[in-house]
Novice: 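I'd like to ask you about the structure that follows.
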Protein chains: 2
Amino acid sequence: MAKLDESLLCDLPPFCLLERAQIREILEAAVSRRYEAGTSIFEEGAQADRFFLLLDGYLRVVRTTPGGDQIIVLHISPGQLFGIAPALQRETYPAASVAAVESLALSWPVRLWPEFTAKYPGFATESYKTVGQRLGQIQETLTEMATQAVEKRVACALLRMVNQSGRKTEAGIEIAFPITRQNISDMTGTTLHTVSRLLSAWQKAGIVESTRKHVTVTDPHALVLLSELDP
Amino acid sequence: MAKLDESLLCDLPPFCLLERAQIREILEAAVSRRYEAGTSIFEEGAQADRFFLLLDGYLRVVRTTPGGDQIIVLHISPGQLFGIAPALQRETYPAASVAAVESLALSWPVRLWPEFTAKYPGFATESYKTVGQRLGQIQETLTEMATQAVEKRVACALLRMVNQSGRKTEAGIEIAFPITRQNISDMTGTTLHTVSRLLSAWQKAGIVESTRKHVTVTDPHALVLLSELDP
DNA sequence: CCGCCAGTTTGTTCGAGAGCAAAGTCGGAC
DNA sequence: GTCCGACTTTGCTCTCGAACAAACTGGCGG
């Protein structure tokens with residue numbers, strides 16, 4: 001249990017309607033923990049006994065197939081709730097959460113969920129809104145995966161990451177967390193080879209720049225065209 | 001607004017904890033409507049102003065890409081809530097719902113949702129449970145789509161339909177709603193040609209039987225093997 | 001009873017992208 | 001500085017399944 005400044009929470013959607021005293025209460029009940037890059041916060045299929053809020057860092061939500069292939073379902077940015085399976089009456093987490101960088105998260109035991117939704121106005125509403133957005137996003141990814149060619153899927157994946165956590169730099173917009181070719185291929189259901197070729201081609205075309213583990217989109221508009229156009 | 005027997009509702013998860021009087025109240029507020037096969041209950045992107053309960057029939061939940069390709073996200077069986085976007089604070093429905101056969105559904109205006117969850121114990125819990133199940137199912141489909149070859153995806157899709165709405169017959173287990181090769185290809189992101197070839201091969205192998213618009217799985221176990229094994 | 005059409009089957013061609021192989025390079029540990 | 005391992009690049013081959021084409025079939029409406 002850590003002593004945390006309530007200003008961390010009071011701007012976030014699920015908490016922004018609450019009073020200082022309520023926020024303090026919530027913090028009192030929370031456990032705060034640091035996760036090193038690469039470590040997992042919880043595993044796929046594990047007992048869903050807590051729910052979480054990411055304060056700092058970035059997470060990947062990952063599913064692994066029996067065959068050992070894995071795919072990245074989505075990324076979590078600071079300020080977002082995650083591991084909210086228990087809010088949906090799930091016994092287990094449907095996917096694992098892995099820290100992409102050193103990260104900091106709060107968590108509460110599941111039994112507090114009903115209390116939170118009952119006691120704090122707007123908490124339930126805002127949380128379910130998050131669920132709705134994720135559901136929509138996953139449906140979108142699914143359609144994309146089912147209908148689009150590899151090139152478009154990769155373009156869409158980059159755009160999604162840029163939109164969710166792009167940082168403006170001199171060169172363009174940089175994805176805020178480290179990401180390998182392998183990671184991108186795990187988001188798009190392709191191979192790191194293909195991703196590497198695509199990024200090389202786009203770099204030559206002046207659309208992206210990339211170094212090890214980092215990608216900057218220099219011409220977002222061109223990427224949008226790639227993700228939409230047919231030929 | 002139709003006069004409906006409350007016994008229709010009282011066994012369903014969202015309502016099973018309620019008293020007769022409450023169920024009657026809920027029915028009073030509902031609009032009941034019949035939909036012909038092929039018609040849509042609501043369109044993708046439409047204002048999400050009502051939520052629904054399928055009483056009879058089967059629905060496909062469909063997303064369409066800008067390019068005109070469409071994919072079937074999931075099927076809805078009698079007794080399930082659908083179009084519950086509003087419960088997740090969405091302004092619009094993220095996908096369309098189309099009747100696969102002549103169907104009957106109840107619906108209520110969105111403004112009753114908060115009332116229902118507040119007034120009827122277990123309603124919110126059970127509804128969000130449904131959301132959780134769908135989220136899990138879609139994630140599963142997504143991983144499948146991203147990692148598995150066409151043959152396995154089709155096998156999985158058949159198994160999912162059989163599990164959700166299989167009917168025992170002399171020959172095996174029949175999928176309870178009409179389904180074309182095209183439909184199956186829309187669930188698996190392939191073409192009707194490929195699905196046709198697969199079904200033919202499986203029929204020859206004694207695993208399935210199929211006529212126009214109908215599929216019966218005669219050897220479910222063999223299909224499970226196909227959906228799991230590697231070689 | 002016939003004709004039509006939606007749905008299905010089957011053949012053939014062809015290209016995207018997976019799989020395999022190998023070499024290059026950057027960054028951190030020591 | 002130098003070594004090592006994780007990440008990346010690039011070339012080549014080969015297969016799966018999409019795309020195109022065309023014929024067939026069964027059911028429904030007139």
Side-chain angles (χ1 to χ4, degrees), chain A residues 36-38 65 67-71 98 100-102 144-155 157-158 175 177-205 208-216 226 230-231, chain B residues 36-38 60 65 67-72 98 100-102 144-155 157-158 175 177-205 208-216 226 230-231:
Chain A
E36 274 182 67
T65 66
D69 303 306
Q70 61 173 42
I71 83 128
V98 179
V101 290
E102 181 173 356
E144 199 180 289
M145 199 75 88
T147 62
Q148 312 289 36
V150 167
E151 184 175 27
K152 287 195 191 184
R153 301 209 301 268
V154 174
L158 287 186
I175 293 166
F177 45 85
I179 184 146
T180 66
R181 311 289 185 260
Q182 175 73 62
N183 290 151
I184 298 177
S185 70
D186 286 345
M187 300 178 63
T188 50
T190 178
T191 61
L192 75 164
H193 309 271
T194 302
V195 172
S196 178
R197 283 181 237 270
L198 282 173
L199 288 185
S200 296
W202 291 343
Q203 179 135 2
K204 222 163 284 173
V208 306
E209 272 173 35
S210 66
T211 63
R212 292 201 153 203
K213 295 206 186 197
H214 285 276
V215 177
T216 301
L226 275 176
D230 224 8
Chain B
E36 272 182 69
R60 304 186 211 285
T65 66
D69 303 306
Q70 63 173 41
I71 82 131
I72 297 172
V98 179
V101 290
E102 181 174 357
E144 202 179 289
M145 199 75 87
T147 62
Q148 312 288 37
V150 167
E151 183 176 27
K152 286 193 191 186
R153 300 209 301 268
V154 174
L158 287 185
I175 293 166
F177 45 86
I179 184 148
T180 66
R181 312 289 184 259
Q182 176 73 59
N183 291 151
I184 299 178
S185 71
D186 286 345
M187 301 178 62
T188 50
T190 179
T191 62
L192 77 165
H193 308 268
T194 302
V195 173
S196 177
R197 282 180 236 272
L198 282 173
L199 288 185
S200 295
W202 292 343
Q203 180 136 1
K204 221 162 285 173
V208 306
E209 269 172 37
S210 66
T211 64
R212 286 193 165 214
K213 296 207 187 195
H214 285 275
V215 178
T216 302
L226 275 177
D230 222 8

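Protein chains get the first letters and strands the later ones, always in sequence-line order, with residue 1 at the start of each.
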Novice: Please report, rounded to the nearest Å, how far the C1' atom of D/dT25 is from the CG atom of B/L199.
Specialist: 17 Å
Novice: Quick one: label B/L192 by what it contacts on the DNA or RNA (base, sugar-phosphate, nothing), any heavy atom closer than 4.0 Å.
Specialist: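 Base: the residue B/L192, judged by heavy atoms under 4.0 Å, touches a nucleobase.
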Novice: B/H214 has an atom NE2; how far is it from atom P of D/dG27, in whole Å?
Specialist: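 From B/H214 NE2 to D/dG27 P: 11 Å.
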Novice: Any side-chain N or O of A/S200 under 4.0 Å from OP1/OP2 of D/dT10?
Specialist: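 Yes, such a contact exists.
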Novice: Phosphate oxygens OP1/OP2 of D/dT9: is one of them under 4.0 Å from a side-chain N or O of A/S196?
Specialist: yes
Novice: So, under a plain 3.5 Å distance rule, would you say the side chain of A/H193 forms a donor-acceptor pair with the base of D/dT10?
Specialist: yes
Novice: How long is the line joining NZ of A/K213 and P of D/dG5, in whole Å?
Specialist: 16 Å
Novice: Round to the nearest Å and state the distance from B/Q182 atom CD to D/dA19 atom P.
Specialist: 12 Å
Novice: Tell me: NZ of B/K152 to C1' of D/dG17, nearest whole Å?
Specialist: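 Those two atoms, NZ and C1', are 16 Å apart.
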Novice: Pairs of donor and acceptor atoms involving the side chains of residues 192-200 of chain B, under 3.5 Å and at least two apart or interchain, shall be tabulated with distances.
Specialist:
unit_1 : atom_1 : unit_2 : atom_2 : d
B/T194 : OG1    : B/T191 : OG1    : 3.1
B/S200 : OG     : B/S196 : O      : 3.0

Novice: Measure the distance from CZ on B/R153 to P on D/dA18 and round it to the nearest whole Å.
Specialist: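 Going from B/R153 (CZ) to D/dA18 (P), I get 8 Å.
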Novice: Could you check whether any side-chain heavy atom of B/I184 comes within less than 4.5 Å of a side-chain heavy atom of B/T190, counting everything from C-beta outward?
Specialist: no
Novice: Please tell me which of the listed nucleotides, C/dT8, C/dC20, D/dG17, lies nearest to the side chain of B/T194?
Specialist: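 The answer is D/dG17.
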Novice: Check whether any side-chain N or O of A/E151 sits under 3.5 Å from a backbone N or O of A/L226 as a donor-acceptor pair, and report yes or no.
Specialist: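 Checked: no pair found.
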Novice: Closest-nucleotide mapping onto DNA chain D: is A/R197 or A/T211 further toward the 5' terminus? I mean the 5' end.
Specialist: A/T211
Novice: Round to the nearest Å and state the distance from A/L198 atom CG to D/dT8 atom P.
Specialist: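 My rounded result for the distance is 14 Å.
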Novice: Between CD of A/Q70 and CE of A/M187, what distance do you get to the nearest 0.5 Å?
Specialist: 12.5 Å
Novice: Counting side-chain heavy atoms from C-beta on, which of C/dG7, D/dA18, D/dT8 comes nearest to A/T180?
Specialist: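 For A/T180, the side-chain atoms sit closest to D/dT8.
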Novice: Any donor and acceptor pair, going by atom type alone, linking the side chain of B/R153 with main-chain N or O of B/Q148 inside 3.5 Å?
Specialist: yes
Novice: Answer with yes or no whether A/R212 presents, from its side chain, a donor or acceptor under 3.5 Å of a partner atom in the base of D/dC7.
Specialist: yes
Novice: Ignoring backbone atoms, test whether A/R181 places a side-chain nitrogen or oxygen under 4.0 Å from the OP1 or OP2 oxygen of D/dC7.
Specialist: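 It does not, given that no N or O in the side chain of A/R181 lies less than 4.0 Å from OP1 or OP2 of D/dC7.
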Novice: Calculate the interatomic distance between B/I184 atom CD1 and D/dG17 atom C1'; express it in whole Å.
Specialist: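 Distance check: B/I184 CD1 to D/dG17 C1' gives 17 Å.
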